[in-house]
Amino acid sequence: MAQGGASWELKIAVEELGAEADPITLRVNGDVHIGGVILQLVEKIEIKKNWSDHGLWWEQKNRWVLKTNWTLDKYGIQADARLLFTPQHKSLRLQLPNLKTVKLKASFSCPVFSSIIGICKILDIRHPEELSLLKPLDDPNQRRKKKEKDSEPEEEVVDLERLIPSRGTQNQRYNQPNGAHYLRDSPEGESAYQILTVSQPSMSPEQMAKLYRPSSLIDKAQIHSRWLDSSRSLMSQEIKENDKLLIRFKYFSFFDLDPKRP
């Protein structure tokens with residue numbers, strides 16, 4: 001193992017073993033590739049499962065270590081690095097533009113722009129470049145008592161993690177009657193069909209009144225500041241598993257029919 005210099009110990013925590021489990025210690029040196037580190041780690045875990053979706057997360061640098069052909073020296077990883085072996089795809093709760101909430105698997109390792117493309121493939125939404133993810137905003141004007149909040153019904157979340165989309169190309173799915181692009185022979189498929197393809201009823205005036213509306217330029221700026229950076233990953237922006245995000249249309253096309261006059 002020690003080909004290019006003295007070896008040292010590298011400790012890696014494994015998410016599947018639990019937060020209280022001790023990290024696994026490997027004997028490595030700077031010339032070892034990331035792929036070799038993962039191979040050693042999997043052999044020491046001694047759990048038979050598919051580890052292909054797992055990757056190394058570097059806590060101090062707030063970044064993923066995914067290039068398996070890079071060496072530890074090239075990444076700058078030393079003995080004091082805190083690494084976590086964790087899945088790249090995690091559960092995420094998304095509120096759709098129709099205010100319905102779904103739970104699905106999203107990539108926490110690739111840029112948000114790529115994660116949006118994967119989410120839109122699951123939901124069969126065209127033009128994913130027009131959408132982005134937004135952190136929910138707490139309404140400062142709705143300061144209700146704790147008893148009132150506890151009396152409200154829990155938000156219904158449709159679980160799409162185990163949903164199987166129907167086969168065929170994207171154009172074939174769009175051209176199917178009634179937009180039935182999911183297999184409806186399971187409860188998950190029926191729920192997805194109802195929430196994604198059937199028109200939802202209009203909100204009542206009471207529900208409309210509860211929606212937060214920014215009243216000043218500062219409020220609007222606070223909302224826009226919660227858009228996620230499309231060039232960074234979810235995990236690097238402190239998004240955790242099972243967190244709730246809003247998927248909204250961020251870019252719109254405007255056509256000015258009146259010619260501009262000097």
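This chain uses plain numbering: 1 for the first residue, then up along the sequence.
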Would you say Ser52 and Asn50 are linked by a side-chain donor-acceptor pair, where the criterion is simply a distance under 3.5 Å?
yes

Judged by atom type as modelled, is there a donor-acceptor pair below 3.5 Å linking the side chain of Gln60 to the main-chain atoms of Arg82?
yes

Working to the nearest 0.5 Å, report the span between CH2 of Trp64 and OG of Ser233.
7.5 Å

Would you please name every residue forming a ring pair (Phe, Tyr, Trp, His ring centres under 6.0 Å) with Trp70, sequence neighbours left out?
Tyr75

Yes or no on side chain to side chain contact (heavy atoms under 4.5 Å, CB included) for Thr25 and Leu10, after CA distance, side-chain angles and deciding distance?
CA-CA 6 Å; Thr25 302; Leu10 178 65; over 6 Å; no

Test of understanding: clusters of I, L, V, M, F, W, Y form through side-chain heavy atoms closer than 4.5 Å, transitively. Do Val157 and Leu246 belong to the same one?
no

With the side chain counted from C-beta on, respond yes when Glu16 and Pro87 share a heavy-atom pair under 4.5 Å apart, and no when they do not.
yes

When you measure from the side chain of Gln95 to the backbone N and O of Lys244, does any donor-acceptor pair fall under 3.5 Å?
no

Nearest 0.5 Å, what's the SG-CG distance between Cys120 and Leu131?
5.0 Å

Is there a path from Val65 to Leu39 through hydrophobic residues (I, L, V, M, F, W, Y) whose side chains come within less than 4.5 Å of each other?
no

Donor-acceptor contact below 3.5 Å, side chain Arg226 vs main chain Pro136
yes

Under the salt bridge (Lys or Arg N to Asp or Glu O under 4.0 Å) test, which residues partner Glu9, sequence neighbours left out?
Arg27

Between Trp8 and Ala79, the two heavy atoms sitting closest are CZ3-N, 3.7 Å

Kindly say whether Asn242 contributes a backbone atom to a donor-acceptor pair with the side chain of Arg93 at under 3.5 angstrom?
yes

Under a 4.0 Å threshold between the charged nitrogen and the carboxylate oxygen, would Glu161 count as salt-bridged to Lys90?
no

Identify whether Ile24 and Leu72 are in the same connected component of the hydrophobic contact network (ILVMFWY, side-chain heavy atoms under 4.5 Å).
yes

Between the side chain of Asn69 and the main-chain N/O of His33, is any donor-acceptor distance below 3.5 Å?
no

Only one of Leu160, Leu245, Asp243 clears side chain to side chain contact (heavy atoms under 4.5 Å, CB included) with Leu94; which?
Leu245

Check the surroundings of atom CD1 in Ile47: do more than 12 heavy atoms from other residues, nucleotides or ligands lie under 6.0 Å from it?
yes

Any Ile116 side-chain heavy atom under 4.5 Å of Lys250 side chain:
no

Tell me, with the steps shown, if Val37 and Ile77 meet side chain to side chain contact (heavy atoms under 4.5 Å, CB included).
CA-CA 12 Å; Val37 172; Ile77 296 176; over 6 Å; no

How long is the gap from CD on Gln40 to CD1 on Ile38, to the nearest 0.5 Å?
11.0 Å

Min side-chain heavy-atom separation Val32-Thr71 under 4.5 Å:
no

May I ask whether Met235 and Leu66 are part of the same hydrophobic cluster, defined by side-chain heavy atoms of I, L, V, M, F, W, Y residues being less than 4.5 angstrom apart, directly or through others?
yes

Between atom CG of Leu84 and atom CH2 of Trp58, what is the distance when rounded to the nearest 0.5 Å?
14.5 Å

Apply ring pair (Phe, Tyr, Trp, His ring centres under 6.0 Å) to the pair Trp51 and Phe85, showing each step before the final yes or no.
CA-CA 10 Å; Trp51 299 97; Phe85 193 54; 5.6 Å; yes

I need the minimum non-hydrogen distance between Ser132 and Leu228, along with the two atoms involved.
OG-O, 4.2 Å

Flag yes if Val102 and Phe249 sit in one hydrophobic cluster, no otherwise; membership is Ile, Leu, Val, Met, Phe, Trp, Tyr, and two members link when side-chain heavy atoms are under 4.5 Å apart.
yes

Distance in Å, Ser107 OG paired with Leu234 CG, rounded so as to fall on 0.5 Å steps:
7.5 Å

Compare all side-chain heavy atoms of Leu83 with those of Trp57 and state whether any distance is below 4.5 angstrom.
no

Minimum heavy-atom distance Asn29-Ala6, with the two atoms named
CB-O, 3.7 Å

Considering only heavy atoms from C-beta outward, does the side chain of Val158 approach that of Thr101 to under 4.5 Å?
no

Crowding at NZ, Lys48 (>12 non-hydrogen neighbours, <6.0 Å)
no

Distance, nearest 0.5 Å, that separates CG of Leu96 from CZ of Arg248
8.0 Å

If only side-chain N and O atoms count, and only distance matters, is there a donor-acceptor pair under 3.5 Å linking Glu15 with His54?
no

Give the C-alpha distance, both sets of side-chain angles, the deciding distance and a yes or no for side chain to side chain contact (heavy atoms under 4.5 Å, CB included) between Ser236 and Arg63.
CA-CA 6 Å; Ser236 65; Arg63 60 176 296 189; over 6 Å; no

So which heavy atom on Asp229 is nearest to which on Ser231, and how close?
OD1-OG, 2.8 Å

